[in-house]
Amino acid sequence: MESGNSNIRFSRTEMFRVIPRLDIKNNNVINTVGLEGLRTVGEPMDLATHYYSTGADEIILNDLVASLYQRNNLSDLVSEVCTHVFVPITVVGGVRSIQDAEKLFKLGADKIGVNTAAVNNPTLINDLTKEFGSQSIIGSIDTRPVDGKYMIFTDGGRELHSVDPIDWANELISRGIGEILFTSINKDGRLTGLDEELLWKIQEIKSIPTIISGGVGGFTDFETAYKKHQSGVAAAGAFHTNLFTPIDIKKAISAKYGDDYLNV
Amino acid sequence: MKHDVLKKYNLPENVQFCKKCVISNQRPRITFNEQGICSACDFAVFKKTKIDWNARHQELEALCNKHRKTNGDFDVLVPCSGGKDGSFVAHQLKHVYGMNPLTVTWAPLISTEIGRQNLKNFINSGFDHVLGTPNGEVTRKLTKLSGIHMGDPFQPFIYGQYNFPLKVAVQNNIQIIMYGENGEVEYGGDMKYAYKPTRDLVDQSRHYFSGLPPEFWSDHGISHQELKYFMGPSYDEIKSNGTELHFMGYYKFWDPQENFYYCQKHTGFEINDTRSEGTYSKYASLDDELDGFHYYLMYLKFGIGRTTSDAAHEIRDGKITREEGQALVRRYDGEFPSKYYQTFLDYTGMNSNEFEVMCDSWRSDHLWSKLKNGEWELKHTVFKD
């Protein structure tokens, strides 16, 4: 195990972020496994305020079913969360136009994440980043191996596209995207650890920040991602089941590696 | 030749959709009350509010106590393909009720890789298992014949699914067969099953074989010897063995989605990598490449596709709203199973023309109209009505 303050991350200078991810359907936070299932685990406002008060660097509100049901209805929730929670809020799900994004920014969202709409209409990314700036638009990529090769999925993990996630990430970058959130569908909801192969693959992306999600179950997952040059880790079930709080993770990283890269 | 679907299934001519879910009155044997609510939705409320589940749990304990064997012999048979429902039943009976289950699968027509993997995972998680695989040539013939004559190419599988466990029970001197849910009350049928843990064998043949048991096909050039493996034991054999068919859904609150969470944790259950064609789900009915054609023919006959069935029970289970269900039906219901279309043709030896003739013969005039461009359209949908 490496230790001390050695410069294990490369040239990125932004802080390492610990990010609770709230998967939302209607007014509930749900806990999926492999992006399947709709089991309710709590209320979005309760959990968002809890994570705000326990050290989250950012919170992702992910409308997991927006594309599946072809709607977007997080507006009320975004407005409420942004009134009470003062860390950056990223809203993912259901954004299909400049107008959809504008509405969410006006309600207080700091960043907008796009998956399905970007796959269906890639120029949307050019338009969004031109209008709102690269730093505020993130690409959300759900992926899992199919016959041994990683492929991207849309519509809440239901529609397969035979496109490699790294190729797709590079395309999004060429269209101006400012950050990418990778979610391992296979690992989602299992609390058994990150998708190591995916983590290894996404290290190739060096020009913009990347965040990994799916499978987080313990401190070592954050540590692994930190060492593998990730800008942050997004976790859902591990936080919802109170395995630890964001501040626990940050204190543990800080104790081991110093706080140079941490927002503590 | 057009089949008279209305008469054959005793369907009402005027299509009506349930006010609470997305099912229509075209589902055979479902009934609607004066408020326009279907019997399955009625039962869903009943199940949540009127049943004393603790008392039911005790009934199951009593049943298990009565039949539990201590000499190492099997004491309960669980039909289970390694899917979430059968695996849940088997795991509960073994680990919560202390039974010694034998599990049994009737082979899919063409098994999927994920299906084989799930069955393997299930067996490896700690279960004894018997697989019945019928003669492939005969199965292929029956698939084609039952598609043409019954509007359900899946019938040979359904024969085995119901008859093979009966046979294995007799062979192994097992008295209890424990199924998952009873579709006849969970999905609309007869409220008598809300109060009854078992199914009568007469209903079994009537409901699941549409009155046409395996013997019927001897008129279509398949010999008695070839059909034998699809048949159940004789009524006398079943009686003298004392076989009873029970449903776990009577004893325990039945929630397919919770079964999924349970089995991914306990029996190595894995979901499909994409949704199945014709629906949005990734965790249900994923072990046969050809089952899309069972659902597709159902869509042609009743205007009810796989999405409608899935969404209806998820609405009743409180997982999704009616509005969400309507959106899903609009988007996915009746989607043609194109991924395995060529496989289906190769398997049955049909050409695409024969396939279309078969489909059109089951497309009932009271449900479908032909557009100017030659496409078919449902006259009534739950998202427009």
Side-chain angles (χ1 to χ4, degrees), chain A residues 24-28 30-41 63-73 94 116 119-120 142-163 165 184-192 214-215 217 237 240-241, chain B residues 22 83-84 88 112-114 117-118 255-286 306-307 310-311 313-333 335 338-339 383:
Chain A
I24 293 162
K25 177 186 167 297
N26 285 347
N27 298 314
N28 297 320
I30 57 173
N31 185 18
T32 56
V33 176
L35 298 187
E36 179 62 289
L38 300 165
R39 191 191 260 174
T40 298
V41 290
D63 186 341
L64 204 61
V65 291
S67 294
L68 183 61
Y69 303 143
Q70 297 172 313
R71 67 179 185 198
N72 61 53
N73 60 357
T116 305
V119 175
N120 292 341
D142 297 339
T143 183
R144 69 175 282 179
V146 177
D147 300 329
K149 286 176 77 177
Y150 277 79
M151 298 290 176
I152 64 169
F153 286 77
T154 60
D155 297 86
R158 279 164 173 72
E159 302 290 346
L160 163 69
H161 302 264
S162 297
V163 176
S184 163
I185 299 174
N186 276 358
K187 294 289 176 177
D188 172 62
R190 298 185 190 274
L191 309 180
T192 51
H240 303 335
T241 50
Chain B
V22 290
K84 67 189 187 336
F88 167 78
T112 60
E113 197 183 315
I114 184 82
Q117 187 59 48
N118 275 330
D255 185 332
Q257 187 174 289
E258 284 303 312
N259 293 351
F260 154 64
Y261 282 103
Y262 185 93
C263 291
Q264 63 88 21
K265 202 168 166 186
H266 295 292
T267 65
F269 179 75
E270 292 285 347
I271 55 177
N272 219 342
D273 49 14
T274 56
R275 63 180 183 83
S276 306
E277 283 178 310
T279 190
Y280 55 95
S281 153
K282 296 196 289 185
Y283 64 45
S285 187
L286 37 83
R306 189 165 168 186
T307 308
D310 288 350
H313 84 76
E314 289 205 342
I315 294 169
R316 292 173 204 133
D317 295 345
K319 310 298 180 200
I320 64 174
T321 64
R322 185 171 195 266
E323 191 195 9
E324 290 167 349
Q326 286 171 308
L328 292 167
V329 171
R330 177 201 289 270
R331 182 165 184 189
Y332 293 121
D333 212 24
E335 178 186 28
S338 50
K339 190 172 170 188
F383 47 89

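Remember, predicted model here, so these are calculated numbers, not experimental data.
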Inset, instruction - Against chain B, label Tyr69(A) side chain, backbone, both or neither, depending on which of its atoms sit under 4.5 Å from a heavy atom there. - result: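 It is both, since atoms from each part get that close.
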Legend entry - chain B contact via Arg39(A) - side chain, backbone, both or neither, heavy atoms under 4.5 Å: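 Both backbone and side chain of Arg39(A) come within 4.5 Å of chain B.
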Can you tell if the side chain of [X] reaches within under 4.5 Å of the side chain of [Y], non-hydrogen atoms only?
{"X": "Arg190(A)", "Y": "Gln264(B)", "value": "yes"}
{"X": "Lys265(B)", "Y": "Val33(A)", "value": "no"}
{"X": "Asp155(A)", "Y": "Arg331(B)", "value": "yes"}

If you look at every heavy atom in [X] and [Y], which pair is closest and at what distance?
{"X": "Leu38(A)", "Y": "Glu314(B)", "value": "CD1-OE1, 4.3 Å"}
{"X": "Tyr261(B)", "Y": "Glu36(A)", "value": "OH-O, 4.0 Å"}
{"X": "Asn272(B)", "Y": "Arg144(A)", "value": "O-NH1, 3.3 Å"}

Could you measure the distance from the [atom1] atom of [X] to the [atom2] atom of [Y]? Nearest 0.5 Å is fine.
{"X": "Thr32(A)", "Y": "Phe260(B)", "atom1": "OG1", "atom2": "CZ", "value": "8.0 Å"}
{"X": "Glu324(B)", "Y": "Asn26(A)", "atom1": "CD", "atom2": "CG", "value": "4.5 Å"}
{"X": "Thr274(B)", "Y": "Met151(A)", "atom1": "OG1", "atom2": "CE", "value": "12.0 Å"}
{"X": "Ile185(A)", "Y": "Asp273(B)", "atom1": "CD1", "atom2": "CG", "value": "9.0 Å"}

Inset, instruction - Using atom types as modelled and distance alone, determine if a side-chain donor or acceptor of Arg158(A) lies under 3.5 Å from a backbone N or O of Lys282(B). - result: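 Such a contact is absent between Arg158(A) side chain and Lys282(B) backbone.
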Legend entry - More than 12 heavy atoms from other groups under 6.0 Å of CG on Asn27(A):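 Open.
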Inset, instruction - Please look at Ser281(B) and chain A and tell me whether the side chain, the backbone, both or neither of the residue comes under 4.5 angstrom of a heavy atom of that chain. - result: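 Backbone plus side chain of Ser281(B), per the 4.5 Å heavy-atom cut-off to chain A.
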